[in-house]
Number of protein chains: 2
Amino acid sequence: MLREQIYSHRLAPGQRLDEAMLAEQLGISRTPLREAIKVLGAEGLVELRPRKGCFVTELTERDLEEIFPIMAVLEGRVACEVAGKRTPQQLKTLDALHEKLERRAAAGDVDGYYETNYVFHDTMQVCAGNRWLQTVIGDLRKHLKLSRHHSLRLEGRLDASLSEHRALMQALHAQDAEAAERIMRDHLLAQLTALRELSNEAARSAHVE
Amino acid sequence: MLREQIYSHRLAPGQRLDEAMLAEQLGISRTPLREAIKVLGAEGLVELRPRKGCFVTELTERDLEEIFPIMAVLEGRVACEVAGKRTPQQLKTLDALHEKLERRAAAGDVDGYYETNYVFHDTMQVCAGNRWLQTVIGDLRKHLKLSRHHSLRLEGRLDASLSEHRALMQALHAQDAEAAERIMRDHLLAQLTALRELSNEAARSAHVE
DNA sequence: CTCCGTTATGGTGTATACAAAATACGCCGC
DNA sequence: GCGGCGTATTTTGTATACACCATAACGGAG
């Protein structure tokens with residue numbers, strides 16, 4: 001429940017969590033709530049300052065600048081693995097997902113594209129067959145979800161994303177591990193670039209006011 | 001306290017943690033102990049099975065096979081970053097640590113070498129200046145510490161490790177980011193290979209019995 | 001003698017009550 | 001009027017007590 005509230009920004013980043021209030025609101029006592037908070041603290045979704053309370057983690061631009069290059073390396077590794085040892089069955093599944101992406105994009109359904117894109121990347125990780133790689137990437141994604149910025153909101157980014165996915169599928173079909181890795185890396189870094197531009201746009205429009 | 005007991009193998013992998021007993025032993029009540037356990041559970045050091053209890057995580061060989069390639073990629077990235085933007089000051093610090101490694105190796109002090117090696121890698125991560133990279137690598141290291149196997153125990157591995165470190169320092173001095181990344185990657189993968197050989201030796205000697 | 005059901009025991013999960021600490025507010029002094 | 005110190009209140013941190021579930025052991029029936 002807490003995670004949902006944090007991701008939906010009903011608990012805003014930086015906000016302090018009042019244990020008594022939250023416990024009453026959720027209809028439980030403080031004990032299990034505190035245990036939940038400790039878990040979120042260990043995951044990094046909230047910051048626990050001893051004797052001060054618990055605060056929803058704020059993701060700075062610096063965090064994004066640091067996380068995306070790591071994601072790029074890790075997801076690149078995923079693509080590399082998948083290209084190398086994909087089964088025809090897996091390829092079929094990925095093709096189907098990619099097709100879905102194409103349809104969503106054609107329909108201009110950004111939210112649907114985002115969701116399917118998530119499933120696609122997740123499926124890639126499963127295909128790579130490295131559970132720890134999945135865990136590490138999942139941990140980082142958890143944090144990225146704290147930010148409400150979506151790179152797809154940048155003009156033209158959706159088309160670019162789609163074309164990168166097309167190139168990736170081609171590399172997977174050709175079992176070209178090196179190309180797949182490079183394409184996936186650049187795909188992630190392109191998202192960071194898009195976020196930067198969105199941030200710049202926001203700064204400019206704020207300056208105009 | 002729990003972490004220490006787990007790392008020192010006083011709480012063995014697979015062992016179930018009896019809350020009441022542990023609480024008494026540590027001189028605290030169950031409430032804070034449970035909060036601590038929840039944190040360790042979120043970190044993955046213990047597994048929490050609802051209504052079943054808490055068990056110290058066991059690291060299988062498959063886990064090692066999965067974790068090391070990830071570490072290789074991540075630490076490779078660290079080396080790449082450091083080679084690119086190291087300051088003379090940082091280089092001096094790293095040189096000093098490497099010198100210490102050389103001395104420890106010459107003295108045949110395996111434990112000292114291990115410890116200094118840890119500090120060296122940690123310092124590299126600080127020099128890379130990416131806090132998230134540090135976090136992710138730290139999370140994986142936490143798990144590796146569950147295993148009591150040390151690759152340095154393999155005959156000749158210490159010398160090999162030292163020579164890999166020498167090559168790394170050379171790449172850092174030359175600001176050769178590509179070489180540094182490759183060397184660091186191979187350095188980590190070599191540790192995995194050493195662990196495999198140790199495991200094979202153990203299997204062979206078990207077979208003889 | 002074996003298998004199933006019931007009961008008992010131990011252990012996890014939750015709630016409540018209390019202690020300690022930090023912050024905020026108010027009062028007194030300068 | 002402003003600043004500092006003390007007290008009070010709020011909030012975190014801890015302990016204890018209780019409820020529920022799971023497992024295991026014992027007894028009875030086939």
Side-chain angles (χ1 to χ4, degrees), chain A residues 1-60 63 131-132 135 138-139 142-143 145-146, chain B residues 1-60 63 131 135 138-139 142-143 145-147:
Chain A
M1 291 191 279
L2 279 181
R3 261 207 208 87
E4 233 171 279
Q5 294 210 17
I6 290 175
Y7 286 144
S8 67
H9 291 269
R10 287 181 52 199
L11 291 172
Q15 184 178 336
R16 179 168 149 281
L17 303 187
D18 187 323
E19 296 181 358
M21 190 178 301
L22 263 177
E24 191 181 7
Q25 183 186 320
L26 298 176
I28 57 176
S29 78
R30 276 183 58 220
T31 306
L33 174 68
R34 278 176 62 84
E35 292 186 355
I37 286 177
K38 279 287 193 322
V39 170
L40 294 180
E43 290 179 8
L45 291 186
V46 298
E47 266 176 82
L48 301 170
R49 299 180 214 168
R51 292 267 163 215
K52 289 291 185 64
C54 167
F55 302 80
V56 180
T57 300
E58 288 189 271
L59 218 59
T60 66
D63 288 318
R131 296 167 306 173
W132 282 93
T135 304
D139 284 347
K142 265 187 221 162
H143 289 274
K145 279 167 77 177
L146 285 175
Chain B
M1 290 190 281
L2 279 181
R3 260 206 208 86
E4 234 171 277
Q5 294 211 16
I6 290 175
Y7 286 144
S8 69
H9 291 268
R10 288 182 52 200
L11 292 172
Q15 183 179 337
R16 176 165 152 281
L17 303 187
D18 186 324
E19 296 181 354
M21 191 177 301
L22 261 177
E24 190 181 8
Q25 182 185 320
L26 297 175
I28 59 177
S29 78
R30 276 183 57 217
T31 307
L33 174 68
R34 279 177 62 84
E35 293 185 356
I37 286 177
K38 279 286 194 318
V39 170
L40 294 180
E43 289 179 10
L45 291 186
V46 298
E47 267 177 80
L48 302 169
R49 299 181 214 166
R51 290 270 163 213
K52 289 291 186 65
C54 167
F55 301 80
V56 179
T57 300
E58 287 189 271
L59 219 59
T60 65
D63 288 318
R131 296 167 306 174
T135 304
D139 285 347
K142 266 188 221 162
H143 289 274
K145 279 166 78 178
L146 285 174
S147 162

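Here is how names work: the chains are called A, B, and so on, in the same order as the sequence lines, proteins then strands, and each is numbered from 1.
A salt bridge links Arg3(B) to Glu43(B): one of the charged nitrogens lies within less than 4.0 Å of a carboxylate oxygen.
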> What string of B, S and - do you get for nucleotides 18-23 of chain D 5' to 3' if you count protein non-hydrogen atoms under 4.0 Å?
Replying inline: --BSSS
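Regarding Glu19(B), its CD atom lies at a distance of 15 Å from the C1' atom of dT14(D), rounded to whole Å. Residue Glu24(A) contributes atom CD, which lies 12 Å from atom P of dT11(D) at whole-angstrom precision. As rounded to whole Å, 10 Å separates atom C1' of dT12(D) from atom CD of Glu35(B).
Among residues at least two apart or in separate chains, side-chain hydrogen bond (donor to acceptor under 3.5 Å, both in side chains) pairs with a member in residues 14-23 of chain A are Glu19(A)-Arg30(A), Glu19(A)-Arg34(A).
For the pair Leu22(A) and Leu2(A), the minimum side-chain heavy-atom distance is below 4.5 Å.
Screening Val56(A), Val46(A), Leu48(A) for a side-chain contact (heavy atoms from CB on, under 4.5 Å) with Leu40(A), the sole residue that qualifies is Val46(A).
More than 12 heavy atoms of other residues, nucleotides or ligands lie within 6.0 Å of CD in Gln25(B), so this atom counts as buried by the packing criterion.
When heavy atoms are screened at a 4.0 angstrom cut-off, Arg49(B) is found touching no nucleic acid atom at all. Contacts of Leu17(B) with the nucleic acid, taken as non-hydrogen atoms under 4.0 Å apart, involve only primed sugar atoms and P, OP1 or OP2.
If you take CG on Leu33(A) and NZ on Lys38(A), they are separated by 10.5 Å, rounding to the nearest 0.5 Å. The NE2 atom of His143(B) sits 7.0 Å away from the OG1 atom of Thr57(B) when rounded to the nearest 0.5 Å.
Closest-nucleotide positions on DNA chain C for Met21(B) and Gly27(A) were compared, and the one nearer the 5' end corresponds to Met21(B).
The main-chain N or O of Ser147(B) is never found under 3.5 Å from a side-chain atom of His9(B) such that the two would form a donor-acceptor pair.
Of all nucleotides in DNA chain C having an atom under 4.0 Å from a heavy atom of chain A, the first and last in 5' to 3' order are dT14(C) to dT23(C).
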